[in-house]
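These figures come from a predicted structure and were not determined experimentally. Below, each value reflects all heavy atoms present in this structure, side chains not excepted, and no hydrogens, waters or symmetry copies.
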Amino acid sequence: MSRRLLNKLILGSCAGPFVFGILIFVLIFVAGDLLFQAAKLIIEQGVAFGVVARLFLYRLPEVVVLTIPMSSLLSTLLGMSTLNAGSEIIALKSLGIPFKRILRPVIFASVLISITALGLNETIVPFASIAADRLMKYEIMKNQAVAVQEKVFLREEERGRLKRVFYIDELDPNKGVMSGIMMHEFDDNGGLSTTLNAKQGIWQDNQWWIEDGRMYTINSDGEVSLLLRFERQRLALKLSPSQLRSSTRRPRDMSAHELWSYITQAQGIGSNLQQLWVMFHLKLAVPWACVIMAVLGAGFGASRRGRSGGGVGFGISVVLVFAYYVVMSLCRALGESGNLPPVLAGWGPNVVFIAVAAYFAMRVDRV
């Protein structure tokens with residue numbers, strides 16, 4: 001059998017279920033969350049249908065990216081199950097074609113899908129998420145006072161050049177109070193020159209006052225030196241609590257590149273960056289779950305247990321995906337609490353499930 005014909009057979013059997021998986025999983029998420037939210041906004045708050053439709057479109061990219069690993073699992077599981085049920089897998093093995101050769105087009109296609117998902121996470125998804133939040137604040141909630149915001153960022157530019165970056169662990173716009181403040185100031189060449197952290201900030205007399213903090217200087221070699229300690233000092237931030245609320249960004253709305261840039265600049269200052277590191281690794285690890293799920297689905301579908309109908313295959317996919325996200329949530333909680341290194345918290349679920357996928361894949365040639 002020629003390579004092109006074999007690749008066409010494998011990918012052709014998985015392409016249809018992949019598209020079906022995207023549609024069905026998006027529909028499940030949409031029906032379970034977005035449509036309910038849209039109906040509530042229209043019926044209870046009288047929001048115009050056009051505004052709700054825009055909110056729906058802004059939320060859709062995040063949902064699509066979330067369903068890609070699930071669809072990768074479903075596509076290979078159903079595709080291989082179909083070939084297995086028709087004895088094509090047995091026929092290929094009788095021709096001396098090992099299962100690892102059958103997996104090549106699956107791995108190649110899933111790598112391309114993972115790169116696409118990663119690209120979407122770095123570009124469209126953050127932009128759409130920010131647009132959805134602003135739509136909720138200004139057109140739906142009519143800029144009403146909101147509850148406490150956690151882990152927010154603010155970039156301050158001057159003549160097109162980055163001047164300062166603020167990170168606030170917790171912001172209460174209603175009370176004019178914030179805590180866990182970090183400020184990084186940059187020189188004319190874009191290098192980090194000064195950094196400051198403080199436990200608390202208070203909006204008083206139309207300006208921000210921070211308390212119990214430290215200021216550091218960073219030289220051209222990257223060495224950090226303590227400049228001073230202070231009990232109370234005015235913060236170089238001109239925005240009021242309401243303006244700050246509308247200008248800040250959350251880490252979940254940032255790309256992995258933006259998070260990496262901020263974290264590397266903030267290292268060595270004595271600040272707790274554990275949660276941000278975990279989020280950074282998750283932003284990179286989750287898209288690559290497409291490859292793992294594809295291999296897992298292929299190995300399971302090509303095994304004896306994989307000879308089942310589409311309904312059973314869909315049920316198995318849901319169970320395996322649920323197990324992955326349970327492990328991911330557990331590792332994330334352990335990582336954010338400091339009980340697990342951020343790298344392991346982010347990539348641990350992938351390591352666990354690639355081992356499971358390898359087990360099922362190796363079993364195919366043994367039976």
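Proximity of a side-chain donor or acceptor of Gln200 to a complementary backbone N or O of Asp212 within less than 3.5 Å is not detected. Panel note: side chain Ser114, backbone Pro287; a donor-acceptor pair is recorded below 3.5 Å. Here the side chain of Ser72 pairs no donor or acceptor atom with the backbone of Ala294 at under 3.5 angstrom. The main-chain N or O of Pro126 is never found under 3.5 Å from a side-chain atom of Ser129 such that the two would form a donor-acceptor pair. Thr195 places a side-chain N or O within 3.5 Å of a backbone atom of Met183 that can act as its donor or acceptor partner. In this structure a side-chain-to-backbone donor-acceptor pair under 3.5 Å is missing from Glu336 to Val278. Proximity of a side-chain donor or acceptor of Asn350 to a complementary backbone N or O of Ala285 within less than 3.5 Å is detected. One N or O on the side chain of Gln274 and one on the backbone of Leu340 form a donor-acceptor pair closer than 3.5 Å.
At most 12 heavy atoms of other shown residues, nucleotides or ligands fall within 6.0 angstrom of atom CD in Glu231. For Phe230, the CZ atom is densely surrounded, since the number of other residues' heavy atoms within 6.0 Å is greater than 12. Other residues, nucleotides and ligands place no more than 12 heavy atoms under 6.0 Å from the CZ atom of Arg234.
Side chains of Leu23 and Leu27 form no contact here, defined as non-hydrogen atoms less than 4.5 Å apart. Side-chain contact between Leu103 and Phe99 is present, with heavy atoms from C-beta onward closer than 4.5 Å. The shortest distance between side-chain heavy atoms of Lys283 and Asn121 does not fall below 4.5 Å. Side-chain contact between Leu74 and Val321: absent, with no pair of heavy atoms (C-beta onward) separated by less than 4.5 Å. Two residues are said to be in side-chain contact when any heavy atoms from C-beta on lie closer than 4.5 Å; Thr76 and Phe300 fail this criterion. At a threshold of 4.5 Å between non-hydrogen side-chain atoms, the residues Glu185 and Lys163 count as touching.
In plain terms, the two heavy atoms of Tyr58 and Ala128 that are nearest each other are O-CB, 3.2 Å. A pairwise comparison of heavy atoms in Gly96 and Pro98 identifies O-CD, 3.3 Å as the closest pair. Closest non-hydrogen pair, Pro69 versus Val286, comes out as CG-O, 4.0 Å. Taking every heavy atom of both residues into account, Val165 and Phe186 meet most closely at CG2-CE1, 3.6 Å.
Applying the ring pair (Phe, Tyr, Trp, His ring centres under 6.0 Å) test to residues at least two apart or on different chains, the pairs with a partner in residues 3-28 are Phe25-Phe314. Here ring pair (Phe, Tyr, Trp, His ring centres under 6.0 Å) pairs that include residues 187-208, with residues two or more places apart or in two chains, are Trp203-Trp208.
Here the straight-line distance linking atom OG of Ser255 with atom CD1 of Ile124 works out to 13.0 Å at 0.5 Å rounding. Atom-to-atom distance recorded for Ser179:OG and Ile210:CD1 is 13.0 Å, nearest 0.5 angstrom. Here the CD1 atom belonging to Ile22 is positioned 4.0 Å from the OG1 atom belonging to Thr67, to the nearest 0.5 angstrom. The line from CG of Leu276 to OH of Tyr167 is 4.5 Å long, rounded to the nearest 0.5 Å. Here the straight-line distance linking atom CG of Leu57 with atom CG of Leu60 works out to 6.5 Å at 0.5 Å rounding. Rounded to the nearest 0.5 angstrom, Leu77 CG and Met293 CE are separated by 11.5 Å.
Tyr216 pairs with exactly one of Thr194, Leu196, Asn197 by the side chain to side chain contact (heavy atoms under 4.5 Å, CB included) rule, that one being Asn197.
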